[in-house]
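A quick write-up on the structure given underneath.
Just so you know, these numbers come straight off a predicted model, no measurement behind them. Chain naming here is simple, since letters A, B, ... match the order of the sequence lines and numbering starts at 1 in each.
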Amino acid sequence: MNPDFQQSHFALFGLPERFALDGAALDAAWRAVAAEVHPDRYAHAGDAEKRVALMMATRVNEAYRTLKSPLSRARYLLALAGTDTQEDTNTAMPADFLMQQMEWREAIEEATRAREAARLERLAAELGAEARTLEGQLGDALDTARDLPHAAALVRKLRFLEKLGQEIDDALELALS
Amino acid sequence: MALLQIAEPGLSAAPHQHRNAIGIDLGTTNSLVATVRSGAAIVLPDLDGNCLLPSVVRYRDEAGQTVVGHAALAAISRDPINTIASVKRLMGRGLKDIDEANALPYRFIDAPGMAQLQTRAGVKSPVEVSAEILRVLKARAEASLTGDLLGAVITVPAYFDDAQRQATKDAAQLAGLNVLRLLNEPTAAAIAYGLDNAAEGIYVVYDLGGGTFDVSVLRLAKGVFEVLATSGDSALGGDDFDHRVYCWALEEAGLSGLSPSDARLLHGASRQAKEALSEHMQTRLAAELSDGLLVDLALERDTFRDITRNLVQKTLLPVKKALRDAGIGVSDVKGVVMVGGATRMPQIQQAVAELFGQAPLNNLDPDKVVALGAAIQANLLAGNKQDDEWLLLDVIPLSLGIETMGGLTEKIIPRNSTIPVARAQEFTTFKDGQTAMSIHVLQGERELVSDCRSLARFTLRGIPPMVAGAARIRITFQVDADGLLSVSAREQTSGVAASIEVKPSYGLSDDDISRMLSDSLSHVHDDIEARKRREAQVNAQSLIEATRSAMDADGDLLSADERTGIDAALAACAQTAAGDNTRDINEAVSRLNQVTEAFAARRMDRNIQRALKGQKIGEL
């Protein structure tokens with residue numbers, strides 16, 4: 001019924017469909033679009049408009065969330081191109097990457113047991129740097145080389161890092177309390 | 001149909017006509033009502049000039065006559081069982097969730113979802129008690145406004161969970177208020193502060209109220225108030241500081257086992273001592289107990305600081321969590337806005353100043369700022385044209401999830417997601433031929449189901465029998481702009497779309513509300529039917545106006561057929577609204593809503609395109 005809901009997240013915000021993204025432009029476009037459809041603008045309107053505003057605002061927030069994070073943005077671009085990232089099925093990883101994972105996981109566990117917030121912060125920074133490197137490679141694979149299987153493999157690696165990052169976050173929260 | 005004036009999209013047909021809307025700060029200790037008059041937000045006082053209404057309700061007789069406010073507060077030690085204070089701490093809470101239940105003088109009744117109170121006027125739920133407070137504020141507003149009251153924005157602690165929010169909304173409905181929005185208290189304060197000071201940058205709102213603590217981190221930029229993260233403790237507030245002083249007094253005076261009346265009396269004296277210490281280095285805590293015993297103690301500010309040290313520390317933890325979640329450090333923070341009467345305590349001011357390395361901002365009245373912000377937001381939501389246009393982007397405070405195998409929670413919507421937000425998850429059957437499935441919805445951050453707040457349990461029935469794992473049940477969690485959750489489910493593969501809507505178990509059904517309404521109105525000779533009819537007529541009228549102005553502005557988006565359909569629905573709506581059959585009016589309204597839905601979607605689409613274009617021009 002609603003053509004707008006089939007639009008891609010990029011088209012919704014009037015942005016080019018690629019991995020490299022101007023974060024400030026995304027923020028600005030999100031705010032501009034959100035301002036138009038936010039339920040606050042329709043609080044005194046009829047139920048039809050309220051319902052549509054709720055649906056649209058939800059969709060706009062979802063689009064923003066998806067594009068904002070590099071991992072979900074890459075995943076979304078791959079989905080648009082019809083490439084399955086196989087995150088749940090394909091667990092084959094290069095040996096050196098797996099070794100590094102294990103080292104990180106051990107370091108996190110140790111720091112968590114010791115409740116050492118500073119060490120956890122350091123690990124988070126290390127992970128962040130590694131993630132930035134992978135994101136750079138993702139940009140090449142998606143925007144330049146158009147090597148989608150390679151991009152999918154990079155997404156799987158980033159997913160690993162994200163899970164580790166989540167563990168550090170949980171541990172830090174524990175260390176804070 | 002006659003041609004009408006063209007209105008701004010999304011605004012009312014008659015912009016010159018002011019619509020009355022109010023903001024209500026429904027506080028643990030005190031409540032306030034404010035409105036925008038001639039462009040300025042003001043708190044409305046009672047006949048004696050008091051702005052603060054103590055949030056205390058006394059059930060005076062068996063018939064349910066109540067007194068609310070100062071008169072009730074004055075009776076609190078005389079009639080502690082029937083005089084309910086700090087009811088906000090009980091909202092949406094089961095008896096087992098209320099840690100301090102034993103210390104309170106009430107007769108609690110354990111009920112599913114929410115604890116109830118046995119009073120001389122019968123069993124009352126915290127929702128009903130809160131509705132009494134809201135009724136008084138509504139009457140106060142109506143007495144000072146000319147014309148109908150369109151609706152109210154009611155503030156809630158940002159850290160309130162779904163049950164507490166739903167209970168607040170139910171209370172407003174029970175008090176006959178049209179809720180325009182539930183607004184988070186720190187966000188309301190940020191609006192009042194931000195607009196007043198043209199603030200831009202990252203701000204933290206530290207809001208320590210009577211019974212709740214919130215902290216929100218916001219980015220203020222070009223008329224957008226964006227909440228980056230929020231945290232808090234919905235059972236920590238000024239009351240707890242009073243209680244520490246009370247416990248200290250008991251120990252110092254060698255007292256134990258006080259009667260409910262004496263306990264109330266000593267609590268009152270403890271509160272006064274706490275307040276005095278914000279001004280003075282030392283104070284006296286004095287009370288004459290019912291057996292004639294005189295308690296008379298000297299309390300130093302340093303002692304007060306020592307006995308409340310861990311309470312102050314307890315507020316700093318959520319502050320650090322919120323900063324972490326927002327991904328910012330203390331040096332990024334431009335200012336810390338202090339909200340809530342409890343932030344007057346010097347040890348709080350000092351702790352916040354130390355943490356942020358800057359003096360907190362105290363230039364707004366910490367008691368009034370939330371109500372003022374709510375009034376400004378209410379004015380905007382009512383569609384009144386104002387000088388400042390702004391957008392509020394708020395978040396949900398706690399993650400939403402469901403129970404999976406082994407009593408574990410799976411998060412579906414993470415905390416600090418911008419609302420409105422929806423997430424869908426697919427589930428499948430465990431056994432061959434399974435036709436039903438139980439879903440347990442939870443809110444909280446912990447991994448174990450037993451550590452999270454249980455929001456709803458519901459059973460999905462009517463799943464077509466298939467082999468195990470073949471059914472695809474898609475469950476959608478939607479959180480609206482009030483921060484309230486609704487859940488719907490649909491079986492995907494069968495084509496037989498079994499769809500359900502779930503109202504969480506602690507919420508009141510429409511029947512409950514009707515019954516409570518008639519209970520509460522029976523002694524004031526109000527005619528519910530007449531009220532419902534009037535509401536339906538007002539509602540129909542405003543929908544007709546809005547639809548007509550939308551057609552004037554964007555009529556080119558309609559085909560001739562669609563226009564004919566809408567015209568017919570409009571005419572039917574106008575005709576029924578002129579009559580007095582409430583059900584006919586509501587049916588005509590819902591038909592008009594139905595036939596205009598696609599039109600509404602196209603108009604919003606056009607507005608989006610317009611906004612993006614406008615923004616690109618702005619960038620050049």
Expected output: side-chain B:S399 to main-chain B:R415 donor-acceptor under 3.5 Å: yes
Considering only heavy atoms and a distance below 4.5 Å, find which of A:L54, A:V37, A:V60 pairs most often with chain B. A:L54
For the pair B:E226 and B:R219, find out whether any cationic side-chain nitrogen is under 4.0 Å from an anionic carboxylate oxygen. yes
Do A:E110 and A:R119 meet the salt-bridge criterion of a basic N to acidic O distance under 4.0 Å? yes
With chain A, which of B:T547, B:V224, B:L391, B:L381 has the greatest number of heavy-atom pairs at distances under 4.5 Å? B:L381
B:A221, part contacting chain A, at a heavy-atom distance under 4.5 Å: both
For the side chain of A:S72 and the backbone of A:T66, is there at least one donor-acceptor N/O pair under 3.5 Å apart? yes
Chain B contact via A:D170 - which portion, at a heavy-atom distance below 4.5 Å: neither
Is it the side chain or the backbone of B:E445 that comes within 4.5 Å of chain A heavy atoms, both, or neither? neither
Assert top hit (heavy-atom pairs under 4.5 Å, partner chain B, pool A:R51, A:K50, A:E62, A:R65) equals A:R65
For A:D47, is it the side chain, the backbone, both or neither that has a heavy atom under 4.5 Å from a heavy atom of chain B? both
Ion pair check, A:R105 and A:E167, cut-off under 4.0 Å: yes
Sidechain N-carboxylate O distance under 4.0 Å for B:E562, B:R602: yes
When the 4.5 angstrom heavy-atom criterion is applied to B:V421 and chain A, the contacting part is backbone
Does B:D482 use its side chain to pair, donor to acceptor, with the backbone of B:L182 at less than 3.5 Å? yes
Specify which of B:L150, B:D480, B:L392, B:V589 makes the most heavy-atom pairs with chain A at under 4.5 Å. B:L392
